[in-house]
Protein chains: 2
Amino acid sequence: MSQTASIKDVATHAQVAVGTVSNVLNYPDRVSQRTKERVLKSIAELGFVRNDAARQLRAGQSRTIGLIVLDVGNPFFSSVARAAEDAATALGSVVLVGDSGQDASREAHYMDLFQEQRVQGLLISPVGDVADRIDTLRERGVPTVLVDQLADTDRCSSVSVDDQEGGYLAARHLLDTGRRRLAFVGTPSIRQVANRLSGAQRAVAEAAGATIEVLDSAGQTVLAGRQVGNDLVERAPGERPEAVFCSNDLLALGVMQSLTMLRTVKIPEDIALIGYDDIDFAVSAVVPLSSIRQPTEALGRTAIELLAEEQESGGTKHRAVVFTPELVVRQSTAGSPN
Amino acid sequence: MSQTASIKDVATHAQVAVGTVSNVLNYPDRVSQRTKERVLKSIAELGFVRNDAARQLRAGQSRTIGLIVLDVGNPFFSSVARAAEDAATALGSVVLVGDSGQDASREAHYMDLFQEQRVQGLLISPVGDVADRIDTLRERGVPTVLVDQLADTDRCSSVSVDDQEGGYLAARHLLDTGRRRLAFVGTPSIRQVANRLSGAQRAVAEAAGATIEVLDSAGQTVLAGRQVGNDLVERAPGERPEAVFCSNDLLALGVMQSLTMLRTVKIPEDIALIGYDDIDFAVSAVVPLSSIRQPTEALGRTAIELLAEEQESGGTKHRAVVFTPELVVRQSTAGSPN
DNA sequence: CGTAACAAATGAAACGATTCAAAGACGAGT
DNA sequence: ACTCGTCTTTGAATCGTTTCATTTGTTACG
């Protein structure tokens, strides 16, 4: 009673064989009504709870799906994670979320962990170069889906949003409102960020007399944004960009905090500001933040669907789903300069 | 090579006994340098990865700690979760996060799941009444720590923040700035929320001529807050409260969105607004949001510490750690009415 | 009455790691 | 040469499930 009862204890208590108890649990139809009742009663009395480790050992695979994100504190990722969880639950699986915090070693740590756990599959928004690692995982029968990053379809599946297009939309919008000297804030070592930047650069190249400088931030958090904002404030007014495109909303809100705290710079008159992701908090910012919206629910849901497809095909067929981002204009990019 | 190698395969390949391979992994000192090298080489060549299920089955316990929160999308909880993860990692454990979404059945689902996984321990911020369930868990050797809610110390340990005090601080602050007709927004069915409310009521009782009405929200999200805000906007101006205290910042930001969208109501002149948790986004809100700050990192870290204490004592000794919340005043509660 | 057909229940084997008592190897001391 | 002690290695037993070939029990039919 005090310690955990095993299936054997249940069998003894109900006076049946262990196989019968297992059948009651897994194939109730194979068992007669009478014994079923007896077994269920014993289970209740002993407070028996299946040991998942034993089950998994026998099955050779777990009912678990690993998800590695860049930052769970970012509403974008927590939204994707929740959608994935819901979709997985519907399939009888569970999602384990690991937070790499944009750190390659933490990412590797979680990959090791998930491999030891023999996860059904892996969803990952990678920091480092994980292509080789993913190949070996696939060889071992662990299908992987890249999340928020386009993959080579003959290596693995992916769900992503067209980041180049998103970057283009953002920069184009800033240029359309008359700004010429742009700045990009983010960590281009992350592929998604690099793509957003290159989209922005394309837009700049198309516009006469436009320039874009890159400000590498220390991370993609509110705090990192605040730091960049402080640097901007310290510049001579003429040296400041007319518009800032941040690679995500957290950064943008951080920049906004710094700029509005020191009352010298006005948004959007002096500096226009646009973010990326359109998190819930963007609309209620000091100056409501323009942003690029991504379909987070669709990303999470589709990731699970693709994983299921991979499993069915035995990891041979891959598919890349690409969603289109959407520009959301708010006050932070209103009007035109001067 | 293609499928996963077991310890037996490694043993064969390295021409040693399985026990030796196990020793290389767990007690390297017991093995001679030469065989150790040979075994490690085989491990690398075969790409062997430990099977956690088997290990866990033998050990009878996993290296996993379950954490059930009310809403991972809420930065308060993701911050607590991250702190707990970091503390657990330092102890060689892993935290699995389950999101109950304030739903008792989802909460029960995760409890079942974690019990099947034979987690080392459980951290939970409960929705429903889980006292009995926790008792049986303890009997089965699964220590539990209540997070963000005070527990009876002769039943289980807990880390919390004094919610009554927090509620008192918030309401008192509103009253001190001259407001008399207050409103409380939240879901008092959640214990924490109920405590915040009762603290606020105490403050109101102390102030002459002050009243507080309770607006039960559908959840504790930005969306739920927006709904409440819309209701407020539709009231005749004289019917509106002079100050609103929301049981968390998400709700407060939602209310703020509704109020500022329709330009008729001004914050803080017409309605003052205060939230709870002091999430990162509070400071960068349209009108910077006053709030009650809670020490999230300390909560997460301490939860893990208490769990360790429970484990050491065999679940016999319990301790309740209570932190003190702190009032953070910003523009949303500035000045006084009229 | 014999037996075929089907349903229900049985229990040993397997999954992959860890543990531990026992055996083996080797050198030092007598 | 023999014994003792230390260090290494061995391999069977174990954890709690699921699976599946067998056995047992029951009913139907010729």
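Every chain is numbered from 1, with letters handed out A, B, ... down the list of sequences.
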Contact state string [nucleotides 4-12 of chain C, B base, S sugar-phosphate only, - no protein heavy atom under 4.0 Å]: ----SSBB-
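- The existence of a salt bridge linking B:Glu310 and B:Lys317 is excluded, since no basic side-chain nitrogen approaches an acidic carboxylate oxygen closer than 4.0 Å.
- For the pair A:Arg118 and B:Asp52, the salt-bridge criterion is not met [side-chain N within less than 4.0 Å of a carboxylate O].
- A straight line from CZ of A:Arg118 to C1' of C:dA17 spans 11 Å, rounded to a whole angstrom.
- When the side-chain nitrogen and oxygen atoms of B:Asn26 are compared with OP1 and OP2 of C:dT18, one or more of them lie within a distance under 4.0 Å.
- Every stem involving DNA chain C, taken as at least 3 paired positions in a row under the Watson-Crick or G-U wobble test at 3.5 Å, is listed here: C:1-30 with D:1-30.
- Under 4.0 Å is where a charged nitrogen must lie from a carboxylate oxygen, and between B:Asp99 and A:Arg82 at least one such pair does.
- Straight-line distance from the CZ atom of A:Arg55 to the P atom of C:dG16: 18 Å, rounded to whole Å.
- In this structure, B:Gln56 atom CD and C:dA17 atom C1' are separated by 11 Å, rounded to whole Å.
- When DNA chain D is scanned 5' to 3' for any atom under 4.0 Å from a heavy atom of chain A, the first and last hits are D:dG16 to D:dT19.
- No donor-acceptor pair closer than 3.5 Å links the side chain of A:Thr35 to the backbone N or O of A:Val31.
- The residues A:Arg191 and A:Asp148 are annotated as not salt-bridged, no charged nitrogen and carboxylate oxygen being separated by less than 4.0 angstrom.
- Atom-to-atom, CG of B:Asp9 to C1' of C:dA17 comes out at 13 Å; the value is rounded to the nearest Å.
- At least one donor-acceptor pair closer than 3.5 Å links the side chain of B:Ser100 to the backbone N or O of B:Val69.
- A sub-4.0 Å separation between OP1 or OP2 of C:dA14 and a side-chain N or O of A:Arg58 is absent.
- For the 3.5 Å distance criterion, the side chains of A:Gln115 and A:Arg133 qualify, holding a donor opposite an acceptor.
- When only modelled atom types and interatomic distance are considered, A:Gln61 and A:Gln120 share no side-chain donor-acceptor pair under 3.5 Å.
- Between A:Glu116 and B:Arg63 a salt bridge is recorded (basic side-chain N to carboxylate O distance below 4.0 Å).
- Across all strands shown, B:Ser22 has heavy atoms under 4.0 Å from base atoms, whether or not it also approaches the sugar-phosphate.
- Residue B:Asp52 is out of contact with every strand shown, counting any heavy-atom pair closer than 4.0 Å.
- The CG-C1' distance, from A:Leu57 to C:dA13, rounds to 13 Å in whole Å.
- Remark: side-chain polar atoms of A:Thr20 are not paired, donor with acceptor, to backbone N or O of A:Val16 under 3.5 angstrom.
- We find that CG of A:Asn51 is positioned 16 Å from P of C:dA17, with the value rounded to whole Å.
- Using a cut-off of 4.0 Å between Lys/Arg side-chain N and Asp/Glu carboxylate O, B:Asp112 and A:Arg50 are scored as not salt-bridged.
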